[in-house]
Amino acid sequence: LVYSLMGTRQLLQLVLLQAAWEVGSGQLHYSVPEESKHGTFVGRIAQDLGLEVGELVSRRFRMVSSSTGGGGGGGSRRDYFEVNVQNGILFVNSRIDREELCAKSPVCAVHLEVLVEKPLRGFHVEVEIKDINDNAPVFSLNKQNLFILESRTQGSRFPLEGASDADIGTNSMVTYKLSRNDYFSVAEKPNDEHSKSLDMVLKKPLDREESPVHRLLLTATDGGKPELTGTVQLVITVLDANDNAPVFNQSVYKIRLLENAANGTLVIKLNATDLDEGINKEISYSFSSLVPPSIKDMYNIDLNTGEIRVKGNLDFEDRNLYEIQVKATDKSTFPMAGHCQVLVEILDVNDNPPEVSVTSLSVPVLEDAPPGTVVALISVSDKDSGDNGKVTCSISPRLPFKLLSTFKNYYSLVLEEAVDRERVSQYQLLITARDEGLPPLSATSSILVPIADVNDNAPAFPQPVYTVFVKENNPPGAPIFTVSAWDPDLQENAFVSYSVVERSVAEKPLSSYISVQSESGKLYALQPFDYEELKLLEFQVTAKDAGLPPLCGNVTVQVFILDENDNVPIVPLQLVPVSASTGHVVAKLRAVDADSGYNAWLRYELQEPRSPAVPFRVGRYSGEIRTTRPLDEADGRMQSLVIVVKDHGEPALSATATVSVSLVESAQAGQPDPQETGVSEGPMVDMNVSLIIAICSVSSLFLLVIILYIAMRCQSKEAMLYSIGKPTLVCTSEVGSWSYSQRNSRNLCVGDAAKNDLMVFSPNFSYSMENGAGETQLVPNLCGTVSDSLLSLPGKIIPEEMMNNHPSPPTGTSLTRKSRTTQESGPVHPHQVLQLCQQHCMINCIKGRRKI
């Protein structure tokens, strides 16, 4: 009992180990007898494959291919088996005839390929078809006629056609039994490992006169359970005379012949001899009546020479062995025959290329699919045998796919590395199957594997920053720019929508300034821009795709507001009580223009035409209101002056201001109220400090230049030479406005408030060719500087009025000088003006006088 339990346990372990090995290798093995009825249970395939029965439908459990194995008879594509997806049981679906399916092959199996999805997996199932004894031995003829001379000796053998059994194994092992008689018996003689020959043996001499005809029954019995039998009637006619039958030099001939041998190819030349003489010695050759028509379709024999030649198309894959019974018959009245057997073995030639079949294709492949994802299941086959039937499979190189061998002649096409649809949208795979024959044959199959898009690319702008220039006072709702982002994905993953990242601008939401059309990316200004309030508007635009999850990209947009001449000058009003003589400063107007550059260069003038009745004038660029004569009671106690301030924009804008002048006593005259004029003193103080520092620095430089100049003049009486340069000047003249459009000017009050302001400026004119007799033209250059040629000053004096009141000269005009002593007029060179200004400033600063 103990030994029995131990043996049972070991047997159980062995069975479990074998089952685990089969599942691990991806193959199950079942067996079922042939001729099983519909619905016969084969096995619990779902359980054996480790699949849940409840998941069979959702995972699309199916058998996509069916093939037979075992050779010989080939295979069909009938659905012999089916799976009940409700319980996972494999059952017989239709009648299975093993002899029809596999012929005489010792092993007969049906190969099933089972597929499930989510994920895609393939399993190989082999169902072996067991043979049953359902075929009785069969003779090709119901009656065989034999002619035997009475002179034949005891022990002579006469070949008989044996019976064939379509079954295999013990079911096809046939034994023979002859009906009871005194003259004959049957015996089997093995020819080789492939076949046996059946002979009838003569037990004692025949006597034609006693029994001319013998009728016997030959019975063939197979080895199956239960036994099945087949019979044939033998009619033996006893002949007289002709004592010797033709004899072949050997009873069995073995020939090897390549398949696809051409028609007319010689197989063998037979030779038989007869010891008789005369007509009894002449021999003719023929196929035995036992040779089936299928062999006669492939070969023919020459009656006279005994040559056997190929007649049909030999194919190893159809049949690889032929047994040909040949007889040699003499030509006597009572002919005698000799027999031999020719065994023709067909040798395989590599004449069949491999076949490639794609049994399952799972496409398209997502571009984010991980390596190892199964794309397709591929099977290959070759009808040849041996090395000619061994097939290897490969795919095109340098592709992100590879083939994995899952079972004999079965491959899985899997993803080897990550793919990117934006780089390659589809792959054309060429699968090559090549056998090992000489020469090798190959076959190819093409598979198109499209790559499905996933949202793995964010929208991208062609540049990180866009710069946009928009003029102020733009119409609201007008488009100002269009941003465009590109997404290399497809369909909704590439559909881009635009939005503006919200933030505050000058305590207002950005959405009150800018909006973007979500589909086109067109930017709209929702309100007019004002350069004086906002010079730069910087914001971000987001481009978002419609994928899941959505991806986005940002770009910075810088909108620069361009200035337009849209602001009139603002003139602060200032009332100053006046009691002064000629040239007295009544007031100094300061107008402010919010524009910049040339648009903010201002000039002042009286609106009323100037006449002697008006005792005031205004500086064209300084804005100083001065008396032109002494005031008296006849001028009235109140004077109203309308001052026009114009800029130099295109078109020019202007503003007017009314200055009321009241004649009061000197003691009542006071400083103007800054609040009434609207001018803030804070910025002026900062400006004055900067001007003082700049003027002191420049004055020190000029002082050094003058000292050096005097020293040089003391050393040499020659004319002073000036080289071209960019001098910086200090002059108490309003002509400093010359450089307004190119240089920043600063006003600094020196001494009496009624005196001229000290102006720091750089000349804005360059020297041109001399014109005529000594007249010099001043032409502004591109750099805003004044260049001159070498000249010497003759010591002539320029009137002070010209220094104080002359406006900035227009382009292309010249300055003239007039001497007080000689009244000589001529062109005044800028350096003469500049040098006089330097001397004038130095004398005022050092001696406190205004006389040059």
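Computation of the quantities below employed the complete heavy-atom set of this structure, encompassing side-chain atoms and omitting hydrogens, waters and symmetry-equivalent molecules.
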4.5 Å side-chain heavy-atom contact, [X] and [Y]:
X: Ile514; Y: Tyr524; answer: no
X: Leu536; Y: Gln558; answer: yes
X: Tyr498; Y: Ser520; answer: no
X: Phe560; Y: Lys535; answer: no
X: Val645; Y: Leu589; answer: no
X: Val557; Y: Leu537; answer: no
X: Val541; Y: Asn554; answer: no
X: Val496; Y: Pro459; answer: yes

For a quick test of reading the model, state the closest non-hydrogen atom pair linking [X] to [Y] and the distance between them.
X: Leu534; Y: Ile561; value: O-CG1, 3.2 Å
X: Pro462; Y: Ser484; value: CD-O, 3.3 Å
X: Cys552; Y: Thr542; value: CB-CG2, 3.8 Å

Check: [X] side chain, [Y] main-chain N or O, donor-acceptor pair, under 3.5 Å:
X: Asp453; Y: Asp489; result: no
X: Glu624; Y: Val618; result: no
X: Asp566; Y: Asn473; result: no
X: Ser697; Y: Ile693; result: yes
X: Glu472; Y: Asp530; result: no
X: Arg626; Y: Gly583; result: yes
X: Tyr604; Y: Ala591; result: yes
X: Gln463; Y: Val465; result: yes
X: Thr556; Y: Gln540; result: no

(request) With side chain to side chain donor-acceptor pair (under 3.5 Å) as the test, would you mind laying out the steps for Asp545 and Asn455 before giving the verdict? (result) CA-CA 9 Å; Asp545 59 30; Asn455 192 26; 3.1 Å; yes
Measure the spacing between [atom1] of [X] and [atom2] of [Y] and express it to the nearest 0.5 Å.
X: Phe495; Y: Glu519; atom1: CZ; atom2: CD; value: 4.5 Å
X: Leu510; Y: Ser504; atom1: CG; atom2: OG; value: 9.0 Å
X: Asn565; Y: Leu653; atom1: CG; atom2: CG; value: 4.0 Å
X: Thr656; Y: Leu606; atom1: OG1; atom2: CG; value: 12.5 Å
X: Arg603; Y: Asp647; atom1: CZ; atom2: CG; value: 8.0 Å
X: Ile706; Y: Ser699; atom1: CD1; atom2: OG; value: 9.5 Å

(request) Using the side chain to side chain contact (heavy atoms under 4.5 Å, CB included) rule, take Phe529 and Tyr513 through it: C-alpha gap first, then chi angles, then the decisive distance, then the call. (result) CA-CA 8 Å; Phe529 294 121; Tyr513 290 93; 4.1 Å; yes
(request) Fit a plane to each ring of His648 and Trp601, take the angle between them on a 0 to 90° scale, and name the class: parallel (under 30°), tilted (30 to 60°) or perpendicular (over 60°). (result)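 Parallel, since the angle between the ring planes stays under 30°.
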(message) Using the rule given for side chain to side chain contact (heavy atoms under 4.5 Å, CB included), can you reason through Thr482 versus Leu523, listing the C-alpha separation, both sets of side-chain angles and the distance that settles it, and then say yes or no?
(response) CA-CA 6 Å; Thr482 300; Leu523 296 173; over 6 Å; no
(request) Could you tell me whether Lys646 and Glu605 make a salt bridge, using a distance below 4.0 angstrom between a side-chain N and a carboxylate O? (result)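 Glu605 and Lys646: salt-bridged.
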(message) For Phe481 together with Tyr466, are the ring centres under 6.0 Å from each other?
(response)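 Close enough - the centres of the two rings lie under 6.0 Å apart.
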(message) Taking the cut-offs as 6.0 angstrom to the six-membered ring centre and 45 degrees off its axis, would you call Lys471 and Phe469 a cation-pi pair?
(response)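 No cation-pi geometry.
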(message) Apply side chain to side chain contact (heavy atoms under 4.5 Å, CB included) to residues Tyr531 and Leu562 and explain how you reach the verdict.
(response) CA-CA 7 Å; Tyr531 173 82; Leu562 300 180; over 6 Å; no
(request) Give the intermediate values and the outcome of side chain to side chain contact (heavy atoms under 4.5 Å, CB included) for residues Thr628 and Phe616. (result) CA-CA 5 Å; Thr628 60; Phe616 302 101; 5.7 Å; no
